[in-house]
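Both counts, for ligands and for their atoms, begin at 1 and track the order of listing.
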Amino acid sequence: MAQPLSADQFRAILKKSGVRVVEHGNWRTHNRNHKGAWGPVHGVTIHHTGPYSTEAGMVELCRTGYTSLPGPLCHGVIDRSGTVHLVGYGRGNHAGSGDEDVLKAVIAEKSLPPDNEANTDGNPHFYGFECINTGGGQMWPEAQLDAMHKVSAALCRAHDWAARSVIGHKEWQPGKPDPADIAMNDFRTAVAKILEGKPTSTVPPDVDEPRYAPFPGAAYLRTGRRSALITAMGKRLVDEGCGRYSKGPGPTWTDADRGSYAAWQRKLGYSGTDADGIPGPTSWARLQVPKP
Ligand SMILES: [Zn+2]
């Protein structure tokens with residue numbers, strides 16, 4: 001049993017794995033958590049997208065979904081250059097119904113039985129990556145496969161899972177073909193090699209980690225103070241689903257900022273006077289307010 005990573009942890013471990021990461025929209029809070037459970041997580045599911053006209057269009061489709069299947073349709077879209085596009089985080093519509101015996105095998109990290117039942121909702125339990133490929137015999141570029149292996153290994157490492165926690169959609173849901181032309185046992189072998197620490201990365205280390213604003217002190221954040229930092233904080237509170245603004249957020253500290261910050265403190269598990277809306281250093285650090 002494992003608690004899902006936070007969105008920021010998810011992003012950080014992917015970047016650390018050496019892949020290029022691009023963020024789309026409010027991916028951190030774009031999810032289907034209002035429709036059902038997210039977590040406990042047990043593994044990673046690999047998909048192919050199917051036919052597409054442009055890669056950018058396919059990334060957007062995976063983000064928004066369509067009427068009969070609203071997005072996000074995965075957490076990350078891996079394009080043919082190996083760039084990972086973050087489109088959602090939390091419960092998504094990607095794994096669908098699959099085989100409970102497969103889920104048991106993933107949890108136990110045993111070899112997988114055939115997927116011959118669709119009796120279990122996989123969306124709470126799997127991180128999902130849609131990899132851009134028509135599924136009609138199109139080759140898989142080396143850079144794309146490399147990124148697919150790396151993000152899978154990064155999640156296994158973060159959760160202390162073995163490579164057996166990585167499955168193809170075709171191993172989960174009866175009738176699914178994806179990812180086409182990929183032998184998942186070979187895929188898992190490649191993931192296992194990364195987990196063993198064998199060097200495979202040729203991508204230069206990441207240099208564009210965001211810079212977060214240090215805690216300015218509780219006395220700074222008070223009624224009437226005007227600062228771009230307060231706008232930046234308010235935007236982060238909105239991203240975290242804690243916005244209690246009727247208009248804004250804006251640069252001037254108001255009761256709406258305090259109410260929003262109190263919602264953030266409650267989200268972190270604080271209560272009573274610890275959730276009074278007056279920022280403290282710990283909750284501030286966890287909010288990761290970008291430097292304005
Ligand atoms: Zn799929």
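- Relative ring orientation between His94 and His47 is described as perpendicular, the plane-to-plane angle rising above 60° on a 0-90° scale split at 30° and 60°.
- Screening Lys176, Arg164, Arg188 for a salt bridge (charged side-chain N to carboxylate O under 4.0 Å, His left out) with Glu171, the sole residue that qualifies is Arg188.
- Ion pairing between a basic and an acidic side chain is recognised when a charged N comes within 4.0 Å of a carboxylate O; Lys150 and Asp146 show such pairing.
- Ring geometry for Trp284 versus Phe215: interplanar angle of 30 to 60°, hence tilted.
- A heavy-atom distance below 4.5 Å is not found between the side chains of Leu86 and His24.
- Between Glu240 and Lys267 a salt bridge is recorded (basic side-chain N to carboxylate O distance below 4.0 Å).
- Protein N/O/S atoms closer than 2.8 Å to the Zn ion (ligand 1), listed by chain and residue number, are His47 ND1, His169 ND1, Asp178 OD2.
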